[in-house]
Structure formats: structure tokens, C-alpha cells
Amino acid sequence: MASLSSRNYSVFMVFFIFIISSWMMISASDLNQDFQITWGDARAKIVNNGELLTLSLDKASGSGFESKNEYLYGQIDMQLKLVAGNSAGTVTAYYLSSKGSTWDEIDFEFLGNLSGDPYILHTNVFSQGKGNREQQFYLWFDPTADFHTYSILWNPQHIIFSVDGTPIRKFKNLESAGVPYPKNQPMRIYSSLWNADDWATRGGLVKTDWTQAPFTASYRNFKANACVINAGKSSCSSNSPSSTSNSWLSQELDSAGEERLKWVQNNYMIYNYCSDAKRFPQGFPTECNMA
């Protein structure tokens, strides 16, 4: 009897741990906890018990959402599946931004294209209201066929853009050389799906085909290991940046990461503001000369 009781107890504990683990996974992925729909009426939805968020665009309007929290530094991950088929003219924007005339901003923008042509991943960094730091990439996969993880690591040393764990861009903190760096203004996460056929695809030559509407982008598996700002106070302990939970605050790319970064930039970068001499006839921005 004791053996049977012990076996039953073991089965119960395994079942109990499974239920608790499942509940934790569901709770952790509930997008209702982290985001709110901000525009687009019923075109934006959080469904499947908070596991999936969708944005839609039709001829009348696009849609968007924002995070409930503000962050000042963080490792931000989100899985996206982009508009499939003929997405020309559409833009799916996913970015961090503060408010005001001297705002900071860290951008992912996905520029749609004709069926069979690749998406363009557009990145930018604004500091104190100044941007013009565009880098653009093709992706090495079809971003409409499945979900992929798009990440921003933002710490006092640099901003690193990554796709499925592969770094594609690094913007260093070069304040010592007079280059402003986002460090004082808390930022929210924003995303929107909207029509930009005056510029998005081939400089506006290809217009949105509204017979393909509604266009839909999907989001899931959000994760923010970040400093949340509430009433002017940070959730991160300023005296323990090297603790396990906050190790990203001092995270650098290792040698393998630097090699992957070079691989992407050598093979998939299609525009770099630091190489556009016509745009900067008086000389490249300071950070371009220190890369």
C-alpha cells in the first residue's frame, strides 16, 4: 500500500508541476498584460487568450498598438509574421520611441514588396530628435511563411538589432566623440501596419493593390528583460548591473557574434547611410568615421 501511495503521489506531483508550468507559460505570453490597442478599431486584435496579436490594413485605415510599460534599456524580443503575398505599399513598423521634440527612437520597419520580391528591413536610430541613420537589409528567409524573432538589445554601451539571434546592426555609444546616444528618455514599444505607397516600394512607383486587402501582420512570444520605468523610478538595481538577471546591461558581442554581424552586412545589407557620399557632401556623420 505504501508503494502504491508513493507512486500515486509521484504521478500527482508530475501532473501538478506540468499544470503549473503550463499556466506560467500561458501567463508569460499573455499580450494583454503588456500591450494595448491604440488605433484602427477592430482591425487590431489580441486573440487566443492573449497568445496572438494581429494588425490589419484596409483602404480605410491601418492599425496599431503600444506597450503599457516604458523602458530605459532592455533586451526586447518579439516574434512577427509579416504580410504575405503582394504587400507592396505597406509598412509594418515595430519600434521603441520616447515623446517630445527631442525624442529618441530605435526602429525596425518592414517595407512590403510585390509577390516573389524580398521584403526590405529598414533600421534607424534617433537620438535627441536626430535620425538619418538608416541601414537596410534583405532577409535570408521568407518572413511571411512563419514567425521570426526580431530583437533589440539597448544598453549603455550600444544598440544591437538582431534577427533570430543573428546580429544585423550595432550602433555604439560614442558620446565621448560628441554623438548623442539614447540614455535618458524612457521609451514605449509601438507597432503599426499602414499604407505608405507614396514611398515604401521602389520609391513609390509601386502602389498598394487594395484588391489584396485586408493585409495582416501577426505578433507573438513577446519578452522584455528590461528596466521598467514607473513614476520616474527604474525596476533595475543600479548597483548590480552584473547580476544574472541584468547581465544584458553590460552584454557585448562575442567573436562569433561579430563574425555573424559581418556576414549579414557583407551579404544582405543593401543600404548604409555611412556609404552614401552624395547624401553627405560635407562629410559623413562622426559615427561613420569611427565604425
Side-chain angles (χ1 to χ4, degrees), residues 29-70 76 78-101 103-124 126 129 131 134 136 139 142-148 150 152 187-222:
S29 61
D30 187 354
L31 296 170
N32 286 296
Q33 296 180 3
D34 297 296
F35 297 101
Q36 57 192 8
I37 306 302
T38 50
W39 63 287
D41 300 320
R43 295 174 184 82
K45 300 176 182 177
I46 299 178
V47 297
N48 298 351
N49 296 317
E51 292 183 359
L52 183 71
L53 190 158
T54 62
L55 295 181
S56 292
L57 164 69
D58 58 34
K59 197 168 186 178
S61 177
S63 52
F65 66 86
E66 70 179 25
S67 63
K68 295 180 179 179
N69 290 324
E70 290 184 304
I76 310 291
M78 179 76 92
Q79 289 192 328
L80 280 75
K81 183 163 69 171
L82 301 179
V83 174
N86 181 0
S87 59
T90 71
V91 172
T92 306
Y94 175 68
Y95 60 102
L96 287 158
S97 183
S98 62
K99 298 288 189 180
S101 59
W103 78 100
D104 295 334
E105 186 171 319
I106 304 169
D107 289 345
F108 277 119
E109 288 188 302
F110 303 90
L111 312 185
N113 218 328
L114 295 168
S115 298
D117 289 343
Y119 261 83
I120 292 175
L121 172 51
H122 176 100
T123 67
N124 205 349
F126 288 75
E134 300 90 348
Q136 295 182 338
L139 294 166
D142 179 358
T144 72
D146 203 352
F147 286 89
H148 293 269
Y150 300 90
I152 293 169
M187 295 197 258
R188 292 188 191 274
I189 299 165
Y190 298 89
S191 190
S192 58
L193 175 57
W194 52 292
N195 177 45
D197 64 4
D198 57 332
W199 65 271
T201 305
R202 300 182 186 175
L205 293 177
V206 181
K207 301 300 182 181
T208 303
D209 180 0
W210 294 112
T211 66
Q212 304 297 313
F215 305 97
T216 302
S218 302
Y219 304 72
R220 72 179 187 187
N221 291 342
F222 170 72

Visitor: How far does CZ of R188 sit from CG of N69, to the nearest 0.5 angstrom?
Guide: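 Rounded to the nearest 0.5 Å, the CZ-CG separation comes out at 7.5 Å.
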Visitor: For residues W39 and S192, report the shortest heavy-atom separation together with the two atoms involved.
Guide: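 Closest pair (atom of W39, atom of S192, distance): CZ2-CB, 3.7 Å.
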Visitor: Is it true that Y219 and F35 have ring centroids separated by less than 6.0 Å?
Guide: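 Between F35 and Y219, which both carry aromatic rings, the centre distance is not below 6.0 Å.
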Visitor: Step through the shown structure and confirm whether more than 12 heavy atoms of other residues, nucleotides or ligands are within 6.0 Å of NZ on K207.
Guide: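 Atom NZ in K207 is crowded, with more than 12 foreign heavy atoms closer than 6.0 Å.
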Visitor: I'd like to know if the side chain of T201 and the backbone of G112 have a donor-acceptor N/O pair within less than 3.5 Å.
Guide: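 A pair under 3.5 Å: yes.
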Visitor: Please walk me through it: do W210 and L57 pass side-chain contact (heavy atoms from CB on, under 4.5 Å)?
Guide: CA-CA 10 Å; W210 294 112; L57 164 69; 4.1 Å; yes
Visitor: Can you tell me which residue among W194, Y95, Y150, Y94 is in a ring pair (Phe, Tyr, Trp, His ring centres under 6.0 Å) with F110?
Guide: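 One option only clears the test, and that one is Y150.
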Visitor: Compare every heavy atom of G64 with every heavy atom of A44, then report the nearest pair and how far apart it is.
Guide: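 Closest approach of A44 to G64: CB-O, 4.4 Å.
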Visitor: Please walk me through it: do D34 and S67 pass side-chain contact (heavy atoms from CB on, under 4.5 Å)?
Guide: CA-CA 6 Å; D34 297 296; S67 63; 5.9 Å; no
Visitor: Which heavy-atom pair separates H148 from D146 by the least distance, and what is that distance?
Guide: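 Taking every non-hydrogen atom into account, CD2-O, 3.3 Å.
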Visitor: With a 3.5 Å cut-off and sequence neighbours excluded, list the donor-acceptor pairs that the side chains of residues 78-91 form with protein atoms.
Guide:
from	atom 1	to	atom 2	distance (Å)
Q79	OE1	R220	NE	2.8
Q79	OE1	N221	ND2	2.8
Q79	NE2	T149	OG1	3.3
N86	OD1	A88	N	3.2
S87	OG	N113	N	3.0
S87	OG	N113	O	3.2
S87	OG	Y119	OH	3.3
T90	OG1	S87	O	2.7

Visitor: Do S218 and T54 get their side chains close enough for a donor-acceptor pair, meaning under 3.5 Å?
Guide: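 Their side chains do not contain a donor-acceptor pair, so the 3.5 Å distance test is not met.
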Visitor: Less than 4.5 Å apart, side chain to side chain, heavy atoms only: is that true for I37 and S63?
Guide: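 Sidechains of S63 and I37: no contact.
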Visitor: Can you name the nearest heavy-atom pair linking T38 to E66, along with the distance?
Guide: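 Closest approach of T38 to E66: CG2-CG, 3.3 Å.
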Visitor: Residues in salt bridge (charged side-chain N to carboxylate O under 4.0 Å, His left out) with R43, at least two apart?
Guide: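 Per chain and number, R43 pairs via salt bridge (charged side-chain N to carboxylate O under 4.0 Å, His left out) with D41, D58.
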Visitor: Heavy atoms only: give me the nearest L55-L193 pair and the separation to one decimal.
Guide: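 Looking at all heavy atoms of both residues, the shortest contact is O-CD2, 3.4 Å.
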Visitor: L96 versus I189: any side-chain heavy-atom pair under 4.5 Å?
Guide: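 Yes, side chains in contact.
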Visitor: Under a 3.5 Å distance rule, please check whether N124 uses its side chain to pair with a backbone N or O of D107 as donor and acceptor.
Guide: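 Judged by distance alone, no pair lies under 3.5 Å.
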Visitor: Say whether, by atom type as modelled, one donor and one acceptor occur between the side chain of K68 and the main chain of N32 under 3.5 angstrom.
Guide: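 Flag set: sc K68 to bb N32 pair under 3.5 Å.
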Visitor: Measuring from atom NE2 of H122 to atom CD of E134, what distance do you get when rounded to the nearest 0.5 angstrom?
Guide: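 Here the interatomic distance stands at 5.0 Å.
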Visitor: Are any of the side-chain heavy atoms of F215 and N195 separated by less than 4.5 Å?
Guide: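 Contact flag for F215/N195 side chains = no.
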